[in-house]
Amino acid sequence: MNHDHPLLGELVAAALSARNQAYAPYSKFLVGAALLSEDGRIFTGCNVENASYGLTICAERNAVFSAVAAGCKTFNHIVIATDTPQPTPPCGACRQVLFEFSPGLSIGLATPSGLKSWHPLADLLPGAFGPKSLG
Ligand code: THU
């Protein structure tokens with residue numbers, strides 16, 4: 001996995017900045033995500049909650065949907081930012097949505113003190129169901 005991409009510093013900063021836009025009045029758990037497309041574009045997302053709690057959308061899926069809406073569907077890196085003692089891995093639903101577009105994705109976890117770790121999506125979602133599973 002390549003973690004030498006010249007835009008990775010910018011990607012971490014973008015995830016931390018996106019976190020500031022989170023709308024999380026219920027959980028107070030603010031999340032930011034920044035996705036780097038294969039052609040070098042950065043797409044961000046934050047979690048957006050709702051008074052009807054189940055309608056909440058996670059930061060990671062908002063970043064993916066924003067990228068797809070702009071015509072980008074191939075990604076190598078995402079960074080997820082939270083302000084927690086331990087960095088926060090993506091929820092199961094977001095792992096599944098990320099797998100749809102980039103099974104080889106590398107997931108970076110960050111806190112305000114910087115990037116903490118990288119994780120292959122394949123490690124976080126082993127035996128995934130994906131487009132190829134449909135035959
Ligand atoms: N959340 C995310 O944005 N991403 C995740 O991967 C985990 C959870 C959000 C959803 C909700 O607004 C808050 O964090 C608490 O679950």
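Every number for a ligand or one of its atoms is a count from 1 in the order of the listing. Source: prediction; values computed, not measured.
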> Got a sec, which residues hit side chain to side chain donor-acceptor pair (under 3.5 Å) with Ser113, two or more places apart in sequence or on another chain?
Replying inline: Thr111, Lys116
One pair per line, please: each N/O atom of ligand 1 matched with every protein N/O atom under 3.5 Å away, atom names first, then the distance to 0.1 Å.
{"residue": "ligand 1", "atom": "3 (O)", "partner": "Ala59", "partner atom": "N", "Å": "3.0"}
{"residue": "ligand 1", "atom": "4 (N)", "partner": "Glu60", "partner atom": "OE1", "Å": "2.8"}
{"residue": "ligand 1", "atom": "4 (N)", "partner": "Glu60", "partner atom": "OE2", "Å": "3.4"}
{"residue": "ligand 1", "atom": "6 (O)", "partner": "Glu60", "partner atom": "OE1", "Å": "3.4"}
{"residue": "ligand 1", "atom": "6 (O)", "partner": "Glu60", "partner atom": "OE2", "Å": "2.7"}
{"residue": "ligand 1", "atom": "6 (O)", "partner": "Cys91", "partner atom": "N", "Å": "2.9"}
{"residue": "ligand 1", "atom": "12 (O)", "partner": "Asn47", "partner atom": "ND2", "Å": "2.9"}
{"residue": "ligand 1", "atom": "12 (O)", "partner": "Glu49", "partner atom": "OE2", "Å": "2.5"}

>> Could you work out, with side chain to side chain donor-acceptor pair (under 3.5 Å) as the rule, every residue matching Asp123, not counting sequence neighbours?
In response: none
> Which side chain to side chain donor-acceptor pair (under 3.5 Å) pairs, counting each pair once, include a residue from residues 88-104, with sequence neighbours left out?
Replying inline: Thr82-Thr88, Thr84-Thr88
> Is the Tyr53 ring parallel, tilted or perpendicular to the Tyr26 ring (thresholds 30°, 60°)?
Replying inline: tilted
>> Rounded at 0.5 Å granularity, tell me how far CG in Leu36 sits from CZ in Arg41.
In response: 11.5 Å
> Checking Asn76 side chain against Ser37 main chain: does a donor-acceptor pair fall under 3.5 Å?
Replying inline: no
